[in-house]
Amino acid sequence: MCGIIGYTGKLAAAPVLIEGLKRLEYRGYDSAGLAVVADEHMYQVKSVGKVAQLEAVAGQQPELKKLAGCGIAHTRWATHGAPSTLNAHPHLDESGRFAVVHNGIIENYQELRKHLESKGVHFRSQTDSEVIPHLIAGAYEGDLLSAVAAALKQLDGTYGIAVVSSLEPGGVVTARKGSPIVIGLGEGENLVASDIAALLPYTRQVIYLNDGDIAAITADKVDLRNIQNVPVEREVAKIDWDAGQAEKGNYPHFMLKEIFEQPETIENAIRGRIDHEMGTAILNGMNLSPRELALINRIVIAGCGSSMHAGMLGEYYFEDIAGISTSVEQAAEFRYRNPIIEPNTLVIPISQSGETADTIAAVREATAKGAVVTALCNVVGSTIARESGRGVYLHAGPEISVASTKAFSSQVVVLLLFALLLGRNRRLSRSEGNELADQIEQIPELIRSVLLQAPEIKKIAERYADKEDFFYIGRGCLYPTALEGALKLKEISYIHAEGYHAAELKHGPISLLDERHPVLALANDIPGKDKIIGNIQECRARKAPVVAVITRGDSAVRSMTQDVIEVPPCSRFIAPLPTTVALQLFAYYVAVARGCEVDQPRNLAKSVTVE
Ligand code: BG6
């Protein structure tokens, strides 16, 4: 949702904060603000729009560029109160001595607001967050950490916050409950942020806060406690990403860079995880013995957005390769519908960020019901990774673009490896296991050959950039692939694209088809192709233009469609990966042709940390 950062050290705080916000902008970008404390004075700047707008407004206060000290900043994804300068963070108390940036939702804010207003407090904004500085001011008796703790105890809801006060120059207080907070340990400086991307230029030594943690940070000290003011110990983790990885390089967009990174990121996801000796996969983070694996009699996968689509491919893999009954849940539904979980049910939460609130809640529901929980995450040390206690990291590196690409393909590859492990644990022979392992190891090469098609895919995409509706159809493993392809186009080009199982068209959606309504058909040369050919003819009979993804050299479909995108031949389990990359490129080039903000699509955010 929102991105927050705090800094205390010898550097001028405002430039550090603004650079940090730029690295957090994918979390929310409708307004931004910062507050710096120097010489016991509070300086505040806020603006509507992107961080660049804030930088411009801050530029009109040249002294800000030089003021060393401490400060906090925020880039917003509005929940309460429309994007405006008044609703932008930081929020200050009436005296202007306490400033707060908040990521999360305060559920009892109206009650608190009424109570504070009855005591004569005047509010400036419509936000839930503004209650916090007023509560801190009311509780302050000379120690900022205690005042913040007292304020937080009155809140219901979620928060990741950072607080500064002109009464305590050089100090930043931070706390978390439900929204991510990471402390960055520097040389003569310390930072706090919503995620590590903003910390990388300064340090790779970090401390992840747990729910209920609070900390007072100065340039050379971190005083970590729980909300009951009892000191707590937290592990200092070393980050293996570098700042460069979180930068665009020579690509016009992070999304295109991340699409082209997939051969390497998939090699990272596979590296050290295939044992050809045994014809199986090695997933150390699982901590499940072969005996425990053999006891699993049902799998439930939970996730949101692209992660849920990856889960749907996992369902095919676990049932077909390992013979285990599997279902996929939209995480928000899983948490509320009281699911049946037995002791030998394995629950797999999938989340790139590891911070999606609905998926976190699904982990807690599954854990409470005694399931074996093992997560697939990309962000090391994220909430889902830590609360699941076991799982597999994707090693895809930072994914900055809001629309998921490389994380999705790595999720699918890890699910294939997991299905291989469970398959060998049950009914696959060593040679069958090795056959699948060989196919998995060929995926990076298959994707390299699709990436070479980018110029052709660009030409086709530009021919469809003026369309307002699009259907994606597929069968078998290509059905979730169609859903993911449609989601990509929706996310970044704002075209109303819908993915359907091809057999579903006749039961309604086909009524929408005409010459203005194109269809993208996944007609790879795998089982089900003959049926898709029938569906393509149904669409053509309604004059709908058809773009088909076909297997290179397969002429069967070419004559029936306006445009074809070729992918290399591969098995039905592997086909979703090269096909997805082709669909990612198609969506990317359509969005660019429509002049859309590819990396930061309107109304979206990289991880939805509130319900
Ligand atoms: C959305 C992102 O907010 O959350 C999508 O824009 C993503 O790209 C979805 O697929 C789920 O996020 P995560 O981090 O739980 O995989």
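Just so you know, ligand 1 is whichever comes first in the structure, and atom 1 is the first atom listed for that ligand.
Looking at Arg364 and Glu387, a side-chain N of the basic residue comes within less than 4.0 Å of a carboxylate O on the acidic one, giving a salt bridge.
Heavy-atom contacts of Ser351 reach the following atoms of ligand 1: 13 (P), 14 (O), 15 (O), 16 (O) (cutoff under 4.0 Å). Each of the atoms 13 (P), 14 (O), 15 (O), 16 (O) of ligand 1 lies under 4.0 Å from some heavy atom of Gln352. Those atoms of ligand 1 with a heavy atom of Ser404 less than 4.0 angstrom away are 8 (O).
For the residue pair Asn210/Arg386, the side-chain donor-acceptor check at 3.5 Å is satisfied. A donor and an acceptor atom, one from each side chain of Glu484 and Gln584, are nowhere located under 3.5 Å apart.
Looking at Ser607, Ala302, Ser353, Ser307, it is Ser353 that brings a heavy atom closest to atom 14 (O) of ligand 1.
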Pair Glu55, Lys50 - check salt bridge (Lys or Arg N to Asp or Glu O under 4.0 Å), show working.
CA-CA 9 Å; Glu55 189 167 26; Lys50 297 276 174 75; over 6 Å; no
Please walk me through it: do Glu19 and Arg23 pass salt bridge (Lys or Arg N to Asp or Glu O under 4.0 Å)?
CA-CA 7 Å; Glu19 273 322 296; Arg23 291 170 176 277; 5.5 Å; no
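Nearest protein heavy-atom contact of atom 2 (C) of ligand 1 is Lys606 O, 3.4 Å. Nearest non-hydrogen protein atom to atom 11 (C) of ligand 1 is Cys304 O, 3.3 Å. Residue, atom and distance of the protein heavy atom nearest to atom 10 (O) of ligand 1 are Ser306 N, 3.0 Å. If you check which protein heavy atom lies closest to atom 3 (O) of ligand 1, you get Ala605 O, 2.8 Å. Protein heavy atom closest to atom 12 (O) of ligand 1, with residue, atom name and distance, is Thr356 OG1, 3.4 Å.
Checking only distances, Thr359 never comes within under 3.5 Å of ligand 1, N or O to N or O.
Annotation for Lys458: atom NZ does not count as buried by contact number, only 12 or fewer foreign heavy atoms lying within 6.0 Å. For Glu342, the CD atom counts as densely surrounded, since its 6.0 Å shell holds more than 12 non-hydrogen atoms of other residues, nucleotides or ligands.
Residue contact annotation: Val608 has a non-hydrogen atom under 4.0 Å from ligand 1. Contact annotation: Val402 has at least one heavy atom less than 4.0 Å from an atom of ligand 1. Remark: distances from the non-hydrogen atoms of Glu491 to ligand 1 include one below 4.0 Å.
Ring geometry, Tyr464 versus Phe586: the interplanar angle falls from 30° to 60°, so the pair is classed tilted.
Aromatic ring centres of Tyr500 and Tyr472: separated by at least 6.0 Å.
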